[in-house]
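A quick note: this is a predicted structure, and the numbers were derived from the prediction, not measured. Within every chain, numbering begins at 1; the chains are lettered A, B, ... in the order of the sequence lines, protein sequences first and strands thereafter.
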Amino acid sequence: MLTKQQIQAAVAVMSKMFPDAQPSLDARTPFQYMISVMLSAQATDISVNKVTPQLFKDYPDPQTMAAASEVALQADIHSIGLYRNKAKHMKAASEALLRDFNGVVPHTRNELMRLPGVGRKTADVVLADAFGIPAFAVDTHVTRVTKRLRMVPQKATVLEIEQRMMQMMPEAQWVATHHTMIYFGRYQCLARAPKCEQCPLLDICAEGQQRLGLKQAN
DNA sequence: AACTCGGGGCA
DNA sequence: TGCCCAGAGTT
């Protein structure tokens, strides 16, 4: 397991590799940001950004989205995966927003997670990126990267990863670390074919060394 | 913990 | 073509 110093040093290296790592969703309001993040589940930001301009032109706020039919919402997001579920969640979340939160996107994770279609990851990203509230969102990239680099135990749950990484990194860096790891996971530490041969973290990465046959497990 | 939803990306 | 994926909800 990597030490706190090693983890912070590794994150610093990733940050130098991807200095422009930042949220890339097109959205103008917290509501639109929340919807964009919901759509990001199992879809790329690029795919989401293709449909949100028309979606938010047609339904810019929870009032109009709650009033829309699921079929009409599906039409605007048809080109992304899981669009039926997502249309249902968008409408239901808009209705819940109006019913329970006076149409205002809440600023706490527990409140956000009460909205249909909003889970831990989506809630954390909304807090961090729409409101600037410190949060460490753990997604599949963060899970894969932290486990490969032995920043967390191999069996760690999402909650355990989140708690450990929040202890390892200064609070002021939680959000940036999340985005850095997204980029590192997306472009360097790929799920299926990680680019270990040209990875600057190879010297401290147990899995990378194992993959290249430079060292046995552990 | 396992299963479902689903079009897109990549081999 | 066939597999995997920037999740969340249900059982």
Side-chain angles (χ1 to χ4, degrees), chain A residues 11 14-15 17-18 20-27 32-52 54-55 65 70-71 73-97 100 105-106 108-130 135-148 153-162 165 174-197 211:
Chain A
V11 171
M14 293 180 203
S15 180
M17 294 175 69
F18 303 99
D20 298 325
Q22 56 187 344
S24 53
L25 291 170
D26 293 333
Q32 293 181 2
Y33 207 93
M34 185 190 79
I35 295 295
S36 296
V37 179
M38 286 174 56
L39 297 181
S40 296
Q42 296 297 82
T44 63
D45 282 3
I46 294 173
S47 299
V48 173
N49 286 337
K50 286 180 186 171
V51 302
T52 48
Q54 184 63 45
L55 177 68
M65 197 167 282
E70 285 186 27
V71 173
L73 293 174
Q74 287 178 21
D76 274 5
I77 63 171
H78 184 60
S79 67
I80 64 176
L82 308 180
Y83 61 92
R84 292 189 189 89
N85 276 347
K86 286 169 178 170
K88 182 187 305 178
H89 289 324
M90 285 196 298
K91 180 174 171 61
S94 296
E95 291 170 346
L97 219 43
D100 299 334
V105 179
T108 69
R109 181 160 72 185
N110 286 340
E111 289 176 315
L112 282 165
M113 288 182 66
R114 283 166 49 192
L115 299 171
V118 179
R120 167 184 298 279
K121 187 261 184 180
T122 297
D124 282 343
V125 172
V126 170
L127 290 177
D129 295 340
F136 197 99
V138 176
D139 60 11
T140 57
H141 287 305
V142 173
T143 300
R144 182 177 70 254
V145 169
T146 54
K147 286 189 177 182
R148 279 182 175 166
Q154 294 304 105
K155 292 181 177 181
T157 63
V158 169
L159 178 60
E160 289 165 348
I161 294 172
E162 176 183 317
M165 290 308 294
W174 288 351
V175 177
T177 300
H178 166 71
H179 288 112
T180 294
M181 285 190 167
I182 295 289
Y183 274 68
F184 182 76
R186 175 69 181 82
Y187 296 108
Q188 175 67 34
C189 197
L190 309 190
R192 277 179 271 181
K195 303 176 180 178
C196 301
E197 303 83 357
R211 279 176 176 272

Between [atom2] of [N] and [atom1] of [X], the distance in whole Å:
X        : N     : atom1 : atom2 : answer
A:Leu190 : C:dA6 : CG    : P     : 10 Å
A:Ile80  : B:dG7 : CD1   : C1'   : 9 Å
A:Lys88  : B:dC5 : NZ    : C1'   : 10 Å
A:Asn85  : B:dT4 : CG    : C1'   : 8 Å
A:Asp139 : C:dG7 : CG    : C1'   : 10 Å
A:Ile161 : C:dG7 : CD1   : P     : 13 Å
A:Asp45  : C:dC5 : CG    : C1'   : 13 Å
A:Met34  : C:dG7 : CE    : C1'   : 15 Å

Report summary line: Out of C:dC5, B:dG7, C:dA8, minimum distance to the side chain of A:Ala191 belongs to C:dC5
Query raised in the report: Taking the side chain of A:Ser79 as heavy atoms from C-beta outward, which of C:dA6, B:dG8, B:dC5 is closest to it?
Result: B:dG8
Measure all distances between protein nitrogen or oxygen atoms and nitrogen or oxygen atoms of nucleotides 9-11 of chain B, and list the pairs falling under 3.5 Å.
none

Of all the heavy-atom pairs spanning [X] and [Y], show the shortest one and how long it is.
X        : Y        : answer
A:Phe136 : A:Asp124 : O-OD2, 3.6 Å
A:Lys86  : A:Gly81  : NZ-O, 2.9 Å
A:Met17  : A:Gln188 : CE-OE1, 3.6 Å
A:Glu160 : A:Thr157 : OE1-N, 2.8 Å
A:Met90  : A:Met65  : CB-SD, 3.8 Å
A:Cys196 : A:Arg211 : SG-CD, 3.9 Å

Report task. Respond yes when some side-chain nitrogen or oxygen of A:Thr140 is under 4.0 Å from OP1 or OP2 of C:dA6, and no when none is. Result -> yes
Query raised in the report: For C:dA8, does either OP1 or OP2 sit under 4.0 Å from a side-chain N or O belonging to A:Thr122?
Result: yes
Query raised in the report: Got a second to check how far A:Arg109's CZ is from A:Thr122's OG1, nearest 0.5 Å?
Result: 12.0 Å
**Report entry** Spacing of CD belonging to A:Gln42 relative to OG belonging to A:Ser47, to within rounding of 0.5 Å
**Finding:** 12.0 Å
Query raised in the report: Side chains of A:Val138 and A:Arg120: does their closest heavy-atom pair fall under 4.5 Å?
Result: no
Query - Pairwise P distance, C:dG7 and B:dC10 [rounded to whole Å] - result: 15 Å
Query raised in the report: With rounding to whole Å, what would you report as the distance between B:dG6 and C:dT1 at their P atoms?
Result: 23 Å
Report task. Using the closest heavy atom to pick a nucleotide of DNA chain B for each, name whichever of A:Thr157 or A:Arg84 lands nearer the 5' end. Result -> A:Thr157
Requested in this report: Check A:Asp45, A:Asn49, A:Thr44 against A:Ser24 for a side chain to side chain donor-acceptor pair (under 3.5 Å) and give me the one that passes.
Outcome: A:Asp45
Give me, pair by pair, the N or O atoms of the protein and of nucleotides 9-11 of chain C that are less than 3.5 Å apart, along with how far apart they are.
residue	atom	partner	partner atom	Å
C:dG9	OP1	A:Gly117	N	2.7
C:dG9	OP1	A:Val118	N	3.4

Query raised in the report: With a non-hydrogen cut-off below 4.0 angstrom, is A:Ala193 in contact with a base, only sugar-phosphate, or nothing?
Result: nothing
